[in-house]
Amino acid sequence: MELSKSRREFKRAKRLIPGGVNSPVRAFGSVGGIPRFIDSAKGARIRDVDGNEYIDYVGSWGPMILGHSHPKVLKAVRKAMASGTSFGAPTARESDLAETIRRALPSIQKVRMVSSGTEATMSALRLARGVTGRPRILKFDGCYHGHSDGLLVGAGSGVATLGIPGSPGVPKAMTDQTIIAPFNDLVATRRAFGRWGKQIAAIIVEPIAGNMGCIPPTPGFLEGLRAICDEFGALLIFDEVMTGFRVAKGGAQRLYKVKPDLTTLGKIVGGGLPAAAYGGRRDFMARVAPEGDIYQAGTLSGNPLAVAAGITTLELLEAPGVYETLAERSSTLMSGLAERAEARGIPLTTRSVGGMFGFFFNRGPVDSFAEAQQSDAAAFRRFFASMLEDGVYLAPSPYEAGFVSLAHKKRDIDLTLDAAERALARVARAR
Ligand SMILES: *Cc1c(COP(=O)(O)O)cnc(C)c1O
């Protein structure tokens with residue numbers, strides 16, 4: 001595979017940009033090799049600067065649920081652009097987007113637009129702390145909620161602990177307020193509330209974890225979190241930056257029938273442009289400035305191009321059968337992969353919900369970050385490298401979910417499974 005241009009660009013980028021990338025995982029650190037510099041993308045395919053084409057299961061890490069360069073999205077953005085790119089003043093289209101979001105997610109009565117998922121989660125937490133007057137938050141090991149200080153915490157071993165900073169530059173004082181519990185562990189969560197309950201403003205959770213592979217909630221987990229929050233007067237925040245508009249009409253909260261107090265959205269909500277949002281109960285959202293006293297602002301919030309892309313994407317997702325199609329594609333992909341691994345005696349656990357999927361090179365079950373970490377990293381690296389070489393672009397990390405789009409047709413899935421057959425053969429040979 002010709003890679004000279006990507007190689008040259010990577011070298012140049014590394015002189016100019018930390019690690020040569022503007023977001024760490026793009027650098028292929030955990031898989032090795034040359035990150036592909038992308039030239040263009042259409043439908044289910046991306047093309048790199050050397051002219052290699054790949055079936056893309058990253059989809060810009062989630063937003064491209066319609067496929068790349070969808071003609072209707074491009075048209076809407078072009079039309080918005082012709083009227084100006086940013087005003088820093090309200091537009092009617094922002095209310096259109098708010099209505100579209102509300103239609104999909106009834107737990108959201110009012111919504112505020114921001115520019116990234118990180119901003120959405122940090123703003124939702126500020127609101128939760130402002131509303132409850134409490135300092136602490138509880139998050140789950142392996143869930144990612146953006147890179148803001150208090151959320152960037154790793155955790156210990158299977159028991160609820162206070163967070164330790166996940167990065168230099170994050171003062172301990174910031175993460176002292178963050179309690180960590182294992183995902184899918186109600187006993188540990190309850191224990192944490194037993195100790196700090198009256199100080200906890202909110203639980204924040206990815207209702208389907210997508211930043212440690214794809215790990216759905218075990219039955220009763222989300223319901224249990226709802227009950228604990230109600231008992232202790234804490235807010236329940238569903239971080240649906242990934243899952244909202246990805247797994248079902250109405251997100252994970254509709255799928256599992258659990259109603260959060262606040263929801264954060266991102267990725268798909270911007271249709272491939274920078275937009276995100278947080279919203280929820282009317283009385284809570286009324287505390288956000290200028291209606292209320294809790295400050296939050298943004299120069300490019302509700303940007304007209306992002307709003308146009310977002311509305312168009314969400315409207316197209318309202319068509320009947322969309323999520324059934326996505327679910328069918330990702331489950332065909334995962335069951336095909338599981339069968340082929342089993343035929344070769346390679347331990348593999350696969351998961352899919354709606355348009356997201358994940359696989360772990362271990363026997364499973366995989367219900368927590370600790371269990372996800374039991375997977376065979378070398379097997380993943382081999383599998384990833386072979387797939388890429390064969391024209392299938394998977395997330396370059398064993399701890400990321402994969403995404404199908406509506407542009408992934410049966411033939412793309414078949415081609416992917418053919419490539420998987422060859423990749424698994426390589427994995428088997430190396431064992
Ligand atoms: C991607 C993601 C974020 C962060 O969003 P950015 O737009 O990258 O800041 C937050 N939460 C979840 C669940 C995500 O998947």
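Read the numbers this way: they start at 1 and go in the same order the structure lists the ligands and their atoms. Excluded from the calculations below are hydrogen atoms, water molecules and symmetry mates; all remaining heavy atoms, backbone and side chain alike, are included.
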S.K.: Only counting residues at least two apart or in another chain, list the ones meeting side-chain contact (heavy atoms from CB on, under 4.5 Å) with S352.
M.R.: S330, S331, M334, F357
S.K.: Just jot down the ring pair (Phe, Tyr, Trp, His ring centres under 6.0 Å) partners of Y399, sequence neighbours excluded, or say none.
M.R.: F369
S.K.: Tell me, with the steps shown, if Q199 and R134 meet side chain to side chain donor-acceptor pair (under 3.5 Å).
M.R.: CA-CA 5 Å; Q199 299 169 39; R134 299 174 178 184; over 6 Å; no
S.K.: Might you list the protein residues in contact with ligand 1, defined as having a heavy atom under 4.0 Å from one of its atoms, sorted by chain and number?
M.R.: S116, G117, T118, Y144, H145, G146, E206, N211, D239, V241, M242, K267
S.K.: Given Q296 and R112, is the side chain to side chain donor-acceptor pair (under 3.5 Å) satisfied, shown in steps?
M.R.: CA-CA 9 Å; Q296 184 271 312; R112 166 61 61 83; 3.0 Å; yes
S.K.: Any pair with a residue in residues 232-258 that passes ring-ring contact (aromatic ring centres under 6.0 Å, His included), sequence neighbours left out, goes on the list, sorted by first then second residue, please.
M.R.: F193-F232
S.K.: Going by heavy atoms in the side chains, are V366 and I215 under 4.5 Å from each other?
M.R.: yes
